[in-house]
Each structure stands twice: as C-alpha cells, then as structure tokens.
Amino acid sequence: MTILIPQPQLSEGHIDDYDAKELVLDGGFVVPNKAEAFDAPEINSFGNSFRDYNAENERQKTVEEFYRQQHINQSYDYVMKMREEYGKLDKAVMSIWECCELLNDVVDDSDPDLDEPQIQHLLQSAEAIRKDYPNEDWLHLTALIHDLGKVLLLPQFGQLPQWAVVGDTFPLGCAFDESNVHHKYFTDNPDFKNPAYSTKNGIYEEGCGLDNVVISWGHDDYMYLVAKENGTTLPHAALFIIRYHSLYPLHKAGAYKHLMNKEDEEDLKWLNIFKYMCFI
C-alpha cells in the first residue's frame, strides 16, 4: 500500500495560529500551551517522573537487567546480521491496523513508564498529535506506526528477545557516549575494545548524516527498513522520527550531533515536537 502524503513545510503562519505564551522551539516550531491544549502528565503510571531510571521499584530492576543484556549483545556485527535477515521483508503481509492489533500482546520491558499493551500508546500518541497539529497528516500517521516494529517480539516475526527489539538505541561503529543509559554495561560489549570503534567518529566522517550510521537493532530500525523498502512517500522527517525516536542520547543529551547533516538538523526539530506530544 502506498500512501501519498505531502512534504512537511515550515512557515511563519504555523506559529501565528498559537498563543504568544507558547514555547517557541529552535527553527520556529512551537509546543502548545499546556493549559490550553494537550495536557502532558508529569508522572508515569508508577508514580515517578518520566524516564527516571534510578527510581527504586521492581520495574526498575527489570529495566536495568534489560539494558545490561542489550549493551552486551548489541554489537556492530550483530546489527549488520539482523539488517540482512530482516531486510528481506519476508515475514508477513498485512494492513497497518492488523499490525496495530498484534501489539495488544506486547509489553515493553525497557520502558520505566508504561506497563500496558503498546497499542494504547500508539492510539494516544496519534490522537494527541492530531489534536494540536490537525493539518500534519503525515505526522499523525507517523505517530500511529512508529512502534509497530515491536511485533518482532512475536513468534510470527521471529520472537526476538526484548533486548533486540525495544529500549533506547545508540550508534555502533563509534565510541559509546556516556549519556547512554546504564553506560557501565558497555564494557562487556565486544565492540568496546575494538580500536576502530573506540573514537568519537569511529568508522564515520563528521557530518556524514545519520542515515549512513549503523544504529542498534530493534523496532525502530526494522520499521525504517519496512518504510524505505516499500517505496513509501512519507517525508524524510517521518523516516527520521521512526528510526531515531529511541535515540535518546541524541535528542535528550545532544550526543552524536557531530554525525548529523543539514537534513538531519531540520528533521530533529520535528522529532522534538513528536517526543513532547508522545511522552517519549
């Protein structure tokens, strides 16, 4: 199925629709006034602030063990192997909604904020964005499909372990930035002591563009491959959000920006809006 969606455009008129009290982001984007538009909660379902990996509860123990396994096993060679295998796109043919329904059986062990089926997160995200950005059809769709790759946890798609599907992502082929959550566990990753991967740039050139960078394998990269190989007409900003919405070291801590190109810099502005609206 091919979906025709216009390319996103930035304009001064987009800002004029909002109240002067709104927060204006770099590049002219705005985040709606919390009191007048979308009301983002300040605590998660466990009573802690969002993405607090240090809170003391049973959920956090599960999350930390998840990241220990992920950081040890996600190597450059492993990712290349998985991209080759899943790039064949031979697991299933189904509609977007059929895929959404499969997520009723999926819970993300890496998420310290959610302990409910992932389909609820997709629907809430899409509706939140549609409410405050009614004219950005491509962004509504991106919110609905951004986590569909989590079907990799199901038998039909190989039933991969959680550490190979969910969690914060990170580049491979260069040094592991210290802003990565539970960074200490990277010391047991086979890439950690590889001289070719131990520098800031590693095997890449500064400004090469994130599309040329190998990212840890998971639902993000899988959906990115699906979208690209199916000849989607989604704008590049949508593909950027799909592949990098879990790359928290980039959009939360500012790490790895030296690898970005000009197109990445523009798309990051859309990702910043997306993460605010979707609590990611």
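The structure presented is a predicted model; accordingly, all values stated were derived computationally and were not measured. Heads up: numbering here begins at 1 and tracks the sequence.
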Find the distance between [atom1] ([X]) and [atom2] ([Y]) and round it off to the nearest 0.5 Å.
X      : Y      : atom1 : atom2 : answer
Ile203 : Tyr197 : CD1   : OH    : 5.5 Å
Leu234 : Ile242 : CG    : CD1   : 6.0 Å
Leu210 : Leu250 : CG    : CG    : 6.0 Å
His219 : Leu103 : NE2   : CG    : 10.0 Å
Asn272 : Asp267 : CG    : CG    : 11.0 Å
His251 : Ile241 : NE2   : CD1   : 10.0 Å

Are [X] and [Y] side-chain neighbours, meaning at least one heavy-atom pair lies under 4.5 Å?
X      : Y      : result
His71  : Asp188 : no
Leu102 : Leu154 : yes
Trp270 : Glu136 : yes
Cys174 : Thr199 : no
Arg243 : Thr169 : no

Of all residues at least two apart in sequence or in a different chain, which pass the ring-ring contact (aromatic ring centres under 6.0 Å, His included) check with Phe176?
-> Phe170, Phe186

Go through the structure and list residues passing side-chain hydrogen bond (donor to acceptor under 3.5 Å, both in side chains) with [X], not counting sequence neighbours.
X      : value
Asp177 : Ser179
Glu98  : Ser95
Asn180 : Tyr256

Looking at [X] and [Y], would you say the former's side chain and the latter's main chain have a donor-acceptor pair under 3.5 Å?
X      : Y      : result
Asn189 : Gln74  : yes
Asp264 : Asn261 : yes
Asp221 : Gly218 : no

Salt bridge (Lys or Arg N to Asp or Glu O under 4.0 Å) against [X], all qualifying residues, sequence neighbours excluded:
X      : result
Lys184 : Glu64
Asp147 : Lys150
Lys81  : none
Lys193 : none

What's the verdict on salt bridge (charged side-chain N to carboxylate O under 4.0 Å, His left out) for Lys91 and Glu85, showing C-alpha distance, side-chain angles and the deciding distance?
-> CA-CA 10 Å; Lys91 305 302 179 186; Glu85 169 63 24; 3.1 Å; yes

Joint cluster assignment, [X] & [Y], ILVMFWY side-chain distance < 4.5 Å:
X      : Y      : result
Leu247 : Tyr185 : no
Val166 : Ile72  : no
Val213 : Phe192 : yes

Least distance between heavy atoms, Glu178 atom then His183 atom | CA-CD2, 3.5 Å

CA sep, side-chain torsions, deciding dist, call: Leu153, Asp105, side chain to side chain contact (heavy atoms under 4.5 Å, CB included) | CA-CA 9 Å; Leu153 292 167; Asp105 299 323; over 6 Å; no

Name all residues meeting the side-chain contact (heavy atoms from CB on, under 4.5 Å) criterion together with Met80; count only those two or more places apart in sequence or in a different chain, and write none if there are none.
->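 Scan of Met80 (side-chain contact (heavy atoms from CB on, under 4.5 Å), adjacent residues dropped) gives Tyr76, Val214.
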
For Gln69, enumerate each residue passing the side-chain contact (heavy atoms from CB on, under 4.5 Å) test, keeping only those at least two apart in sequence or located in another chain.
-> Glu65, Asn73, Trp163

side-chain hydrogen bond (donor to acceptor under 3.5 Å, both in side chains) partners of residues 201-212, not counting sequence neighbours, each pair once =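 Only Asn201-His258, Asp211-Tyr224, Asp211-His236, Asp211-Tyr244 qualify under side-chain hydrogen bond (donor to acceptor under 3.5 Å, both in side chains).
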
Show your working on side chain to side chain contact (heavy atoms under 4.5 Å, CB included) between Leu144 and Leu123 and close with a plain yes or no.
-> CA-CA 6 Å; Leu144 182 65; Leu123 294 173; 4.0 Å; yes

Can you check whether Phe240 and His245 have ring centres sitting under 6.0 Å from each other?
-> no

Asp191 and Ser75: side-chain hydrogen bond (donor to acceptor under 3.5 Å, both in side chains), yes or no, with the steps?
-> CA-CA 6 Å; Asp191 291 352; Ser75 66; 4.7 Å; no

Please test Met277 against Glu127 for side chain to side chain contact (heavy atoms under 4.5 Å, CB included), starting from the C-alpha separation and ending with a verdict.
-> CA-CA 10 Å; Met277 300 300 295; Glu127 286 302 311; over 6 Å; no

ring-ring contact (aromatic ring centres under 6.0 Å, His included) contacts in which one or both residues fall within residues 86-105, not counting sequence neighbours | Tyr86-Trp217, Tyr86-Tyr222

Output, in order, the C-alpha distance, side-chain angles, deciding distance and verdict of side chain to side chain contact (heavy atoms under 4.5 Å, CB included) for Ile96 and Leu141.
-> CA-CA 10 Å; Ile96 288 176; Leu141 178 60; 4.2 Å; yes

